[in-house]
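Here's the structure we're looking at; comments come further down.
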Protein chains: 2
Amino acid sequence: MSASTTTGLIDMETLERVAPVIRLTAHPLRLRIIDYLRREGEPRCVTDIGEALGSDQSVTSQQLRILRDQGVLAGRRAGCHMLYNITDPSVLLLLDCIREHHCRRSSDGPTAAQSAAQTAH
Amino acid sequence: MSASTTTGLIDMETLERVAPVIRLTAHPLRLRIIDYLRREGEPRCVTDIGEALGSDQSVTSQQLRILRDQGVLAGRRAGCHMLYNITDPSVLLLLDCIREHHCRRSSDGPTAAQSAAQTAH
DNA sequence: TGACGATATAGCGATCTAGCGATATAATGT
DNA sequence: ACATTATATCGCTAGATCGCTATATCGTCA
C-alpha cells in the first residue's frame with residue numbers, strides 16, 4: 001500500500017520547481033504588467049509600462065526583472081529602450097483564470113468555497 | 001489619453017484580492033495536498049493526507065488551515081476526524097496548467113521562454 | 001568625451017512566510 | 001472522569017519579499 005500512495009500525483013520536484021514561478025507571478029503589479037503586455041500585443045518598454053500602470057521606474061524595472069528571471073517575460077534592447085514581451089503563454093491562462101475567478105467571487109456574492117469554509121468551522 | 005491606458009485590463013483591486021490566494025496556493029506541499037485530494041475524489045482527513053504525502057501532522061494541519069482560509073478547501077467534522085475537500089475548482093485549472101508546464105519545461109529541454117530570457121540579456 | 005534619457009542595481013527597514021517542537025483543544029470509548 | 005486518538009494552535013527563529021531612495025550602468029547624440 002505504501003508504493004501507490006502518491007502515484008498519479010505531480011511529483012514533488014516538479015512542484016518545487018514550478019511553485020516559485022507561480023508564487024512570484026502572483027503579485028498585483030506583476031500580474032498587471034503581464035495583462036498590459038498582453039493587451040498591447042507587442043513589446044513595450046519600461047517607461048511605457050510604468051506610465052501606463054502608474055508605477056515608479058525603479059519599481060517597474062524590478063518587477064520586470066523578477067518576471068524575466070522566472071522566464072515569464074523576455075526583454076530585448078532597442079536603442080536605449082528595453083522592450084519586454086511575454087514568453088510564457090501559460091501565464092495568460094492564469095490571467096484568464098483570474099477573470100473567471102473575479103466574476104465568480106465578486107458578482108455572485110459569497111462563493112461556494114467561502115460559505116463552505118465558514119460553515120465548516 | 002490618460003483615460004484609456006488601463007481600460008480592458010483587470011483592475012488593481014481584483015488583482016490585489018486574488019493574488020494572495022494564488023500566492024499562498026503556489027506552495028509545493030499545498031499544491032500536493034490539493035492534487036492528492038483531487039485524485040482521491042472524496043474528502044480525506046489530516047492523518048491520511050499527512051501519511052500519504054509524508055508530511056508531519058502539525059505541518060499538514062497548518063497547510064490545510066491556510067488553504068481553508070483562502071477558500072480553496074473546506075473541512076467538515078466526522079467524528080474525531082476532519083475531512084477536507086476542494087471547494088474552489090479553479091485551483092484544479094492551476095494544477096492542469098502545472099502539468100502542461102511540467103511537460104513543456106522538463107521534456108523539451110530549454111524552453112522558448114528560458115532561451116529567450118538568456119539571449120535577451 | 002560629455003551630457004542626457006533610459007534602465008538597472010544596491011541598500012535598507014518593515015512585513016510576511018516557512019518549518020519545527022511543544023502544547024492545547026476536541027471527540028470518542030471505557 | 002480518564003485515557004486515547006485526532007486536530008489545531010502557539011512560540012520561535014530563519015529566511016524571503018516588499019516598496020522605497022539613491023546611485024550606478026548603458027546607449028545615443030552632439
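Below, chains carry the letters A, B, ... as their sequence lines are ordered, and counting in each starts from 1.
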State plainly whether one hydrophobic cluster holds both A:Ile66 and A:Ile34, where clusters connect Ile, Leu, Val, Met, Phe, Trp and Tyr through side-chain heavy atoms under 4.5 angstrom apart. no
Donor-acceptor pair, distance only, cut-off 3.5 Å: does the side chain of B:Arg30 make one with the backbone of B:Leu24? yes
Provide, to the nearest angstrom, the distance between the CD atom belonging to B:Glu16 and the P atom belonging to D:dT17. 19 Å
Please enumerate all residues that pass side-chain hydrogen bond (donor to acceptor under 3.5 Å, both in side chains) together with A:Ser55, with sequence neighbours excluded. A:Thr60
Hey, is B:Asp11 close enough to B:Arg17 for a salt bridge, meaning N to O under 4.0 Å? no
Got a donor-acceptor contact below 3.5 angstrom from the A:Arg39 side chain to the B:Thr7 backbone? yes
Whole angstrom is fine here: how far is it from CZ in A:Arg32 over to P in D:dC18? 18 Å
Going from CG on A:Leu94 to CD1 on B:Ile22, what distance comes out if it is rounded to the nearest 0.5 angstrom? 4.5 Å
Examine D:dA8: is either OP1 or OP2 under 4.0 Å from a nitrogen or oxygen in the side chain of B:Tyr84? Give yes or no. yes
Sequence neighbours excluded, which residues qualify as salt bridge (charged side-chain N to carboxylate O under 4.0 Å, His left out) partners of A:Glu40? A:Arg44
Please answer whether the main-chain N or O of B:Ile10 pairs with a side-chain N or O of A:Asp35 as donor and acceptor at a distance below 3.5 Å. yes
Letter by letter from the 5' end, nucleotides 21-28 of chain C scores (B base, S sugar-phosphate only, - none; protein heavy atoms under 4.0 Å) BB----SS
Check the interface with nucleotides 16-18 of chain C: list each N/O to N/O pair with the protein under 3.5 Å, or write none.
unit_1	atom_1	unit_2	atom_2	d
C:dA18	OP1	B:Arg30	NH2	2.8
C:dA18	OP2	B:Arg30	NH2	3.4

Would you tell me if any nitrogen or oxygen in the side chain of B:Arg68 comes within less than 4.0 Å of OP1 or OP2 on D:dA8? yes
A:Leu83, A:Val46: one ILVMFWY side-chain cluster at the under-4.5 Å cut-off? no
Grab the CD1-C1' distance between A:Ile22 and D:dA16 for me, whole Å please. 18 Å
In whole angstroms, the gap separating P of C:dG19 from CG of B:Leu29 amounts to 8 Å
Find the distance A:Asp69:CG to D:dT17:C1' and express it as a whole number of Å. 14 Å
Sorted by chain and residue number, the salt bridge (charged side-chain N to carboxylate O under 4.0 Å, His left out) partners of A:Asp56 (sequence neighbours excluded) come out as none
Strand-adjacent residues in residues 41-49 of chain B, judged by heavy atoms under 4.0 Å from DNA chain D: B:Cys45, B:Val46, B:Thr47
Just by distance, do the side chain of A:Ser61 and the backbone of A:Gln57 share a donor-acceptor pair under 3.5 Å? no
Whole-Å distance separating the CG atom of B:Leu53 from the P atom of C:dG19: 14 Å
